[in-house]
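Counting starts at 1 for both ligands and their atoms, following the listed order.
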Amino acid sequence: MDTEVVVVGAGPVGLMVAAELRLAGVDVVVLERLAEPAPHPKALGLHARTLEQLAMRGLAGPFLSGGARIPAWHFGFLSEKVDLTRLDSPYPFLLAFPQHRTEAILAGRARELGARIVRGEAVTGLAPTGVSVRVGTEGRSWEAGWVVGADGAGSTVRKAAGIGFPGTDADTWAYLGDVRADAAPEPGYGVQNEKGALIVAPLPDGLRRFTGFDPARQDPAHRGLTLDELEETVTRISGVDFGLRDPEWLTTFGNATRVAADYRRGRVLLAGDSAHMHFPAGGVGLNLGLQDAMNLGWKLAAVVQGRAPDALLDTYGAERRPWGEDVAEHTLAQTALITATNPTGQALRALLSGLVRTLPDLSLLLARRLSALDVHYPVPGAHPLVGTRVAEAPLADGRPLVEGKTVIRPDGYVWWATDGDETPPDLGVAFGG
Ligand SMILES: Cc1cc2nc3c(=O)[nH]c(=O)nc-3n(C[C@H](O)[C@H](O)[C@H](O)COP(=O)(O)OP(=O)(O)OC[C@H]3O[C@@H](n4cnc5c(N)ncnc54)[C@H](O)[C@@H]3O)c2cc1C
């Protein structure tokens with residue numbers, strides 16, 4: 001055996017899984033096909049639940065000190081933004097923080113904890129042997145007890161494991177330009193009208209991301225984007241000439257939406273975009289994946305080290321897959337709102353914006369959904385607190401915590417609770433203590 005676990009993909013999710021495994025002392029190798037990290041940030045934001053979980057590991061500091069706090073964010077580009085300041089979290093905001101910086105912090109953390117990250121190693125297939133999995137790459141093969149596929153939406157691991165990826169193909173295309181602007185609008189600027197949709201998000205070093213939907217550029221045969229095309233689209237939709245220049249990244253992306261049929265097949269597990277893909281509306285995809293990693297890491301470590309039965313790993317997909325489907329559903333709904341440029345759609349949007357403005361509880365409900373504070377893992381028949389979220393808990397060592405009459409899991413959810421005099425079962429010893 002070359003290692004206990006191979007993680008395929010050194011994106012944010014693979015790196016987080018590797019760090020969590022190392023925290024428990026599991027031997028882990030991360031195989032990444034790219035020789036160097038990708039230069040352009042896809043995700044731009046970290047939501048409240050992700051920040052809570054990073055804080056539990058003592059990791060929130062570099063993120064909080066290096067990102068801007070955005071108090072309200074878009075749901076479906078509605079004109080009324082969703083108020084994040086009322087979230088019941090120590091982090092009632094969206095933190096603007098580009099993905100490549102997140103990856104650099106997580107790579108540093110994984111390495112510091114002892115993970116081996118091998119770059120330029122593209123995985124080509126898997127061969128399960130019963131007690132291990134052979135992971136084939138272009139150059140050699142690695143034998144591991146377990147494999148985590150964190151290799152993105154086109155996942156080789158998912159395909160090799162024979163796990164289906166049902167859902168819908170892209171029928172809508174968005175534009176994206178990371179550029180400088182002579183007349184930059186304030187961060188969070190957004191417009192949606194009969195001509196299309198645009199939001200502007202902040203990036204470091206004076207860059208801005210101009211992104212949105214242009215109904216006039218939906219030809220599937222023309223998927224490139226030039227600076228002139230971006231400028232024309234943005235000016236036509238917003239009515240403002242921002243003087244766009246110095247592009248760093250110009251691209252288009254679609255709204256294909258899929259959730260893996262299973263998150264586990266034997267000794268192979270999926271996490272992040274390999275398990276779910278969707279339109280990046282609301283800025284939730286990376287967050288969803290990091291929360292997968294937090295759920296999976298301690299469970300896989302406990303099973304690898306013989307401290308928990310194999311069945312604990314089945315709870316990973318049982319708990320996380322419904323939340324992947326939840327995100328697939330609300331990002332499809334947001335896509336419908338973003339692309340609603342005809343009079344009927346405009347009327348629907350005006351109605352919904354009015355409701356979000358006048359019903360603070362609706363705004364809060366949408367804010368909790370975007371920020372994943374509504375995620376919970378109920379256990380039928382158990383105490384009602386079991387599976388509920390704990391916002392703040394010192395879980396830096398990744399082990400369960402006994403707090404009065406509750407036991408808190410390493411990913412920050414109540415695991416056991418009582419109203420009576422019972423003492424907690426020895427879950428710490430069984431599953432990670
Ligand atoms: C334009 C855009 C904007 C977005 N904005 C946001 C946002 O604001 N907020 C948000 O939360 N999310 C956002 N997302 C989504 C977010 O970027 C993804 O959810 C996130 O990157 C998923 O991380 P991951 O680690 O699962 O996968 P990835 O980031 O895709 O990483 C997978 C890694 O696996 C490697 N790999 C692939 N195949 C192999 C192989 N065969 N062998 C070895 N390595 C392999 C890849 O090179 C890559 O490094 C956005 C996405 C896009 C496209």
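Ligand 1 has no N or O atom lying under 3.5 Å from any N or O atom of Gly14, backbone or side chain. Considering backbone and side-chain N/O atoms, Val13 comes within less than 3.5 Å of an N/O atom of ligand 1. When only interatomic distances are considered, the shortest N/O to N/O separation between Trp249 and ligand 1 does not fall below 3.5 Å. Looking at ligand 1, you'll find an N or O of Gln99 within less than 3.5 Å of one of its N or O atoms. Residue contacts with ligand 1: Leu44 is placed with a nitrogen or oxygen under 3.5 Å of a nitrogen or oxygen of the ligand (distance criterion only). For ligand 1, none of its N or O atoms has an N or O atom of Ala153 under 3.5 Å away. Taking only nitrogen or oxygen atoms, main chain and side chain alike, Thr156 reaches within less than 3.5 Å of ligand 1. When only interatomic distances are considered, the shortest N/O to N/O separation between Ala122 and ligand 1 does not fall below 3.5 Å. At a 3.5 angstrom cut-off on N or O pairs, Arg33 counts as close to ligand 1.
Side chains of Asp83 and Ser363: a donor-acceptor N/O pair is absent below 3.5 angstrom, by distance only. Counted by atom type alone, Asp214 and Thr233 present one or more donor-acceptor pairs between their side chains at under 3.5 Å. There is no side-chain donor-acceptor pair under 3.5 Å between Arg49 and Gln291.
Salt-bridge formation is detected for the pair Arg140/Asp2: a Lys NZ or Arg NE/NH1/NH2 atom is positioned less than 4.0 Å from an Asp or Glu carboxylate oxygen. A salt bridge links Arg57 and Glu20; the closest N-O separation between the charged side-chain nitrogens and carboxylate oxygens is under 4.0 Å.
Atom 50 (C) of ligand 1 has Pro280 CB, 3.6 Å as its closest protein atom, hydrogens excluded (heavy atom only). Looking at atom 6 (C) of ligand 1, its nearest protein heavy atom turns out to be Ala43 CA, 3.1 Å. Ranking protein heavy atoms by distance to atom 49 (O) of ligand 1, first place goes to Glu32 OE1, 2.6 Å. With hydrogens left out, the protein atom closest to atom 23 (O) of ligand 1 is Pro12 CG, 3.6 Å, a heavy atom. Closest to atom 42 (N) of ligand 1 among all protein heavy atoms lies Val123 N, 2.9 Å. If you check which protein heavy atom lies closest to atom 3 (C) of ligand 1, you get Lys42 O, 3.3 Å.
Ring geometry, Tyr263 versus His276: the interplanar angle falls from 30° to 60°, so the pair is classed tilted.
Under the 4.0 angstrom criterion for non-hydrogen atoms, Met277 is not in contact with ligand 1. Heavy atoms of Gly45 come nearer than 4.0 angstrom to ligand 1 in at least one pair.
Proximity of Glu121 to ligand 1, defined as any heavy-atom pair under 4.0 Å, is confined to the backbone N, CA, C and O atoms. Residue Val284 touches ligand 1 through its backbone alone, judged by heavy-atom distances below 4.0 Å.
Legend: side chain to side chain donor-acceptor pair (under 3.5 Å) pairs involving residues 156-167, not counting sequence neighbours: none detected.
Between Val147 and Val157 the shortest heavy-atom distance is CG1-CG1, 4.3 Å.
Remark: of the listed residues Arg368, Arg320, Arg369, Arg321, Arg369 is the sole one forming a salt bridge (Lys or Arg N to Asp or Glu O under 4.0 Å) with Asp326.
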If you look only at distance, which donor and acceptor atoms sit under 3.5 Å apart when one is on a side chain in residues 92-113 and the other is two or more places apart or in another chain?
{"unit_1": "Gln99", "atom_1": "OE1", "unit_2": "Ala43", "atom_2": "N", "d": "2.8"}
{"unit_1": "Gln99", "atom_1": "NE2", "unit_2": "Glu103", "atom_2": "OE2", "d": "3.0"}

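Rounding to the nearest 0.5 Å places NE2 of His47 at 10.0 Å from CG of Leu373.
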